[in-house]
Amino acid sequence: MYELLSEPIRRYVREKKWDSLRPIQSASIQKVMQSEDNLILASRTASGKTEAAFLPILSRVNFNDPGVQVLYISPLIALINDQFIRVQELCEHLDVPVTKWHGEASQTLKNKLVSDPRGVVLITPESIEAMLVNSEYKAKGLFSNLKFIVIDEIHAFLGTDRGKQLQSLIFRLRQFNTGNVRVIGLSATIGSFEQAKEMVGPVDSTRILRDTTGKEIETEFKYFEQGNLTELPLALLKDLYLSVCNSKVLIFPNARGTAEEVAVKLHKISQKVGGHPYYFSHHSSVHKELREYIEAFAKNNVRYPFAIACTSTLELGIDIGSVDRVVQINATHSIAGLIQRIGRSGRRNDETSKLSLYATDPWNLLQGIACITLFKREGFVEPIEYTEKPYDIFLHQALAQVRQVSECTQEELIHKLSINSSFKFIPPDEMKEIVTHLQQTDLLELIGGKLIIGVEGEKIVNTKDFYSVFQTEPLFKVQVQDKPIGEIPYSYLTKVDQNILLAARIWKIIDIDIRAKRITVIPAMDGKKPVFSGFGGEVHPKIRQEMLRLLITDAEMPPMSEDAAEAIRQLKLEFEHYKIEDFEVDRPLRVQVKDMYWYSFHGTRVNGSLSFLFDVAGITHERWDLESKFKFDAGDFELIIQKAMKAYDVLEPYLVSAVEKDPALLSFSKFGAYLPLKYQVHLVRDKRFDFAGAMDFLSTAHTSSIHTHTNS
DNA sequence: GACCTGCTGCGGACTG
């Protein structure tokens, strides 16, 4: 395939002294050079996807044509800065200018590009939105002669609001391109590609090039019981220290606070025993410059071992080189996330990836094992959840498009939105109803037959927060009387009388000053556990089913420490007498004197929906998601199931009143609150719950009961 | 029991 490349690009490949092109690169070169298809290039991290896209694109495009020829879109500024260096190096051979265009990029260089639009531009979705909304003429001047759009890390957009927005932005860019714009998405290996196809363009002209060769994954599981401790067990930290002190490792503890704890404590142990000082933490609350320093250290350092305790900030494709081992503390919520993390390890191409999972309770251990066994046995990765009717993104894009053209008729607006594939499942009469509602609420205004942004709309559109569709929480200062004790994100859970955990103590909120962003607290008198939860990660039903299978059968388990094996043995003992044959439907029920416990072994969303149905039916219960366990008063369980199923018939009014009473139910959506109520309810139902799944489960579930006389 | 992501255009002060 090398022969298909242009001479300057061949020279680049020769200078790089690569032994050969990677499979994904050869496949991509052929399809980019010899077809007009849109492409999805899917292969694991660090397999040369950027080059796979850019080598043939740069060979094929004539950069003497007017306007920007190639638009590269990335979900992260950090990734743009990272890729800029690589793309620039490639483009030097062709004398093609490369320009970064994001909020932190040089205004001078952006202005220079506007006066002489050429070459390659690296941009974020929000910067595209801002340009379209504020100065359509600029976007037209730059981007009306595009040949290629490259979307990096496209899996990070799939199934998200930001992805829907990006899909719409690509559509809007295509609108003023008369020629064909080809789109190439770069992706990690993911469960399904249908949505990726939707995003890049017409489904039938999109090809998927997939390099499935993965690295071997070597796992070990360890167990250190945490019990009621709020901090990690000392034995875990000591074991972890010994296992990582001479290697380059990433440690993922699932939470920012724990990441800090791990970094600080490992460093302390290292100081005591005269080990290396390279222990870092990397997450969103760590200052940006420090994060960049850590990334550069990891990438450029060859001599020293290091450990970075981090969150998902190090899951995406920023180049930090490769590490020897990845440590996961407790289970991830998704297999997709776990695989991304594991992919960071294995120094050379042919070397195995190494994962150590440290669990602090038996259910987390079981979930971690279930994720790995499912992936290894079936290659299972969660399919992407698809929202057919993203009414809130529709509303955002309606406002954006009116602002983009300053004024247009209602018919023109509806037409633009109707032909936009992002909203193809929203029928025109629903579009009209929403646009009419926007006029009634002064977000839009009809003047002389033309729609313009209304008085209330100006407040939303005329702020820089308008360009992104994801919700962010501002940080609030927390103080006792006048003494500040820290900062927490303000969310719907932050209410007067609510208990919060901060600076290792429990507090009760007595006042919230929204304008001053200040929360006043007093020490909490009751020892009640602070409620921080709400909607955490969602675990897929298949993982829970696999957990049940591992408990009930003598299925082979991956290698684990003696303590881990013992924890699993104990858990299996609890379930050994239930008669579970069909893992889809047979579920354990433990009946005690006063209470009974039912294990659904189902996904987070169905469990939440079951809980809502029990509430509607007036059934008192408690719920634990990790164990997928429900507690009821002892009684007739069949009657509970029947009542819950009947509750489904009267569900709608309960949902409507829940959304009306508690706007927090919609807190996942930045613009949802501006919709008519019925569409708000639809969004809540669609994104938060799975009532169909819950009903399906209730109608088929069988219980296997065991009666005990204790009441522990 | 979570984690993460991004941001215009203008006027005015200041620097070299």
Side-chain angles (χ1 to χ4, degrees), chain A residues 73-81 100-105 107 110-111 114 123-136 138-139 152-153 155-163 165-166 169 226 230 252-260 281-286 288 291 309-318 328-334 336-338 340-341 360-361 363-364 367 396 400 403-404 460-473 488-489 491 493 501 529-539 604 607-608 623-628 668 670:
Chain A
I73 305 172
S74 151
L76 303 177
I77 288 178
L79 195 55
I80 289 182
N81 296 341
K100 290 189 270 191
W101 191 296
H102 56 64
E104 292 167 18
Q107 193 62 53
K110 289 184 199 170
N111 292 341
V114 173
I123 201 167
T124 59
E126 287 73 18
S127 282
I128 301 176
E129 185 74 85
M131 201 193 298
L132 288 173
V133 162
N134 291 316
S135 32
E136 189 193 32
K138 227 184 247 181
D152 206 351
E153 306 275 2
H155 56 274
F157 291 111
L158 301 178
T160 69
D161 290 345
R162 206 178 176 204
Q165 179 193 24
L166 176 57
L169 288 169
Q226 187 162 5
T230 49
F252 289 94
N254 290 345
R256 281 175 285 178
T258 324
E260 292 296 341
S281 72
H282 189 287
H283 52 76
S284 67
S285 297
V286 174
K288 198 163 181 153
R291 280 157 70 178
C310 53
T311 60
S312 50
T313 47
L314 285 184
E315 228 174 72
L316 282 185
I318 297 160
Q328 176 67 45
I329 298 180
N330 282 326
T332 51
H333 301 113
S334 76
L338 180 63
Q340 283 273 106
R341 292 175 180 189
T360 61
D361 75 84
W363 287 94
N364 248 305
Q367 188 170 308
H396 176 258
R403 169 57 94 213
Q404 181 177 334
I460 303 166
V461 178
N462 281 352
T463 111
K464 62 184 171 127
D465 200 37
F466 178 68
Y467 312 121
S468 70
V469 294
F470 49 84
Q471 189 78 277
T472 48
E473 295 150 334
I488 60 163
S491 77
L493 284 164
L501 185 69
K529 205 178 158 193
V531 183
F532 251 136
S533 65
F535 346 104
E538 284 185 357
V539 178
T604 308
N607 286 342
R623 168 190 160 215
W624 293 264
D625 194 63
L626 177 60
E627 299 95 321
S628 40
F668 60 84
K670 190 162 164 184

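Lettering follows sequence order; numbering is per chain, from 1.
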Mind calculating the distance between CD1 (A:I80) and P (B:dC7) to the nearest angstrom?
-> 7 Å
Has A:T313 got a side-chain N or O lying under 4.0 Å from the OP1 or OP2 atom of B:dC4?
-> no
Any A:S312 side-chain nitrogen or oxygen under 4.0 Å from OP1 or OP2 of B:dA2 | no
Could you work out which one of B:dC7, B:dG1, B:dG6 sits closest to the side chain of A:L626?
-> B:dG1
Specify the residue among A:Y467 and A:D625 whose closest nucleotide of DNA chain B lies further upstream toward the 5′ end.
-> A:D625
Compare side-chain N and O positions of A:R291 against OP1 and OP2 of B:dC4 and report whether any pair is under 4.0 Å apart.
-> no
Could you work out which one of B:dT5, B:dC7, B:dG1 sits closest to the side chain of A:H333?
-> B:dG1
Distance test, side-chain N/O of A:S135 to OP1/OP2 of B:dG9, below 4.0 Å = yes
Residue A:K670, side-chain atoms from C-beta onward, closest of B:dG1, B:dG6, B:dT8 = B:dG6
Any donor-acceptor pair under 3.5 Å between the side chain of A:N330 and the base of B:dG1?
-> no
Using a cut-off of less than 4.0 Å, is there contact between a side-chain N or O of A:K138 and OP1 or OP2 of B:dG9?
-> yes
A:I77 atom CD1 is separated from B:dT5 atom P, nearest whole Å, by 10 Å
Considering just the side-chain nitrogens and oxygens of A:T463, establish if one lies under 4.0 Å of OP1 or OP2 belonging to B:dT8.
-> no
Mind listing the closest non-hydrogen atom pair of A:I460 and A:T463 along with its distance?
-> O-CG2, 3.5 Å
Quick one: label A:S127 by what it contacts on the DNA or RNA (base, sugar-phosphate, nothing), any heavy atom closer than 4.0 Å.
-> sugar-phosphate
How is A:N134 classified with respect to the nucleic acid when contacts are heavy atoms under 4.0 Å: base, sugar-phosphate, or nothing?
-> sugar-phosphate
Going by atom types alone, do A:N607 and A:S628 pair a side-chain donor with an acceptor below 3.5 Å?
-> no
Considering only heavy side-chain atoms of A:R162, the closest of B:dT5, B:dC7, B:dC3 is B:dT5
Between the base of B:dG6 and the side chain of A:T472, is there a donor-acceptor distance below 3.5 Å?
-> yes
A:H102 to A:N81 - nearest heavy-atom pair and separation | NE2-OD1, 3.0 Å
Between A:F466 (CZ) and B:dT5 (P), how many Å, whole number?
-> 22 Å
Is it the case that A:T313 and A:H282 place a side-chain donor and acceptor less than 3.5 Å from each other?
-> yes
In Å, rounded to the nearest 0.5 Å, how long is the span from OG1 of A:T160 to CD of A:Q165?
-> 9.0 Å
Could you state the atom-to-atom distance from CZ of A:F157 to P of B:dC4 in whole Å?
-> 17 Å
Nearest-Å distance, CG (A:N364) to P (B:dA2)?
-> 13 Å
